[in-house]
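In what follows, a single structure is set out as structure tokens and then discussed.
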Amino acid sequence: MSEQPVQTVSIREAREHLADVVDRAERDEPTVITRRGREVAAVVPIELLREYRRWEERELLRLIEERRDEPTYSLEEVMAETLARPE
């Protein structure tokens with residue numbers, strides 16, 4: 001991914017120039033989309049999205065494996081402990 005600043009556009013600008021936004025993503029240049037000045041979405045290269053999904057899956061599997069041997073508690077046990085706490 002390039003080290004240049006990320007382009008930011010409003011939803012209206014993104015709609016009016018969608019082809020340009022997509023072209024930038026193909027060149028590894030993400031575009032952040034704002035609504036009323038607040039960042040709400042980003043158009044990124046598809047490979048970046050795929051890479052993130054692979055990372056997320058690996059992290060989830062790592063967490064499951066890491067916690068596999070930890071003790072488990074029933075809902076009843078959790079509720080009993082919670083209700084026994086002083087207010």
I need the [X] [atom1] to [Y] [atom2] distance, nearest 0.5 Å.
| X | Y | atom1 | atom2 | value |
| --- | --- | --- | --- | --- |
| R58 | L61 | CZ | CG | 10.0 Å |
| R15 | R12 | CZ | CZ | 9.0 Å |
| Q7 | I33 | CD | CD1 | 11.0 Å |
| R27 | R24 | CZ | CZ | 7.0 Å |

Apply the test side chain to side chain contact (heavy atoms under 4.5 Å, CB included) to residues E51 and R54: give CA-CA distance (whole Å), side-chain angles for both, the deciding distance (0.1 Å), then the verdict. CA-CA 5 Å; E51 181 180 321; R54 288 188 297 267; 3.8 Å; yes
Nearest heavy-atom pair of A25 and P45: which atoms, and what distance? O-CG, 3.2 Å
Where P30 and V6 come nearest, the two heavy atoms and their spacing: O-CG1, 3.5 Å
Could you walk me through whether E57 and R53 pass salt bridge (Lys or Arg N to Asp or Glu O under 4.0 Å), step by step? CA-CA 6 Å; E57 186 175 323; R53 286 182 171 167; over 6 Å; no
With a 3.5 Å distance limit and no angle check, can you tell me whether E77 reaches the backbone of S74 through a side-chain donor-acceptor pair? yes
If you count heavy atoms of other groups shown closer than 6.0 angstrom to CD of E66, is the number above 12? yes
More than 12 heavy atoms of other residues, nucleotides or ligands under 6.0 Å from CD of E39: is that the case? no
Quick check: is V32 connected to V44 through a chain of hydrophobic side chains (ILVMFWY, heavy atoms under 4.5 Å apart)? no
Any R62 side-chain heavy atom under 4.5 Å of E59 side chain: yes
Other ILVMFWY residues reachable from W55 by side-chain steps of under 4.5 Å: Y52
Across all chains, not counting sequence neighbours, the side-chain hydrogen bond (donor to acceptor under 3.5 Å, both in side chains) partners of E26 are none
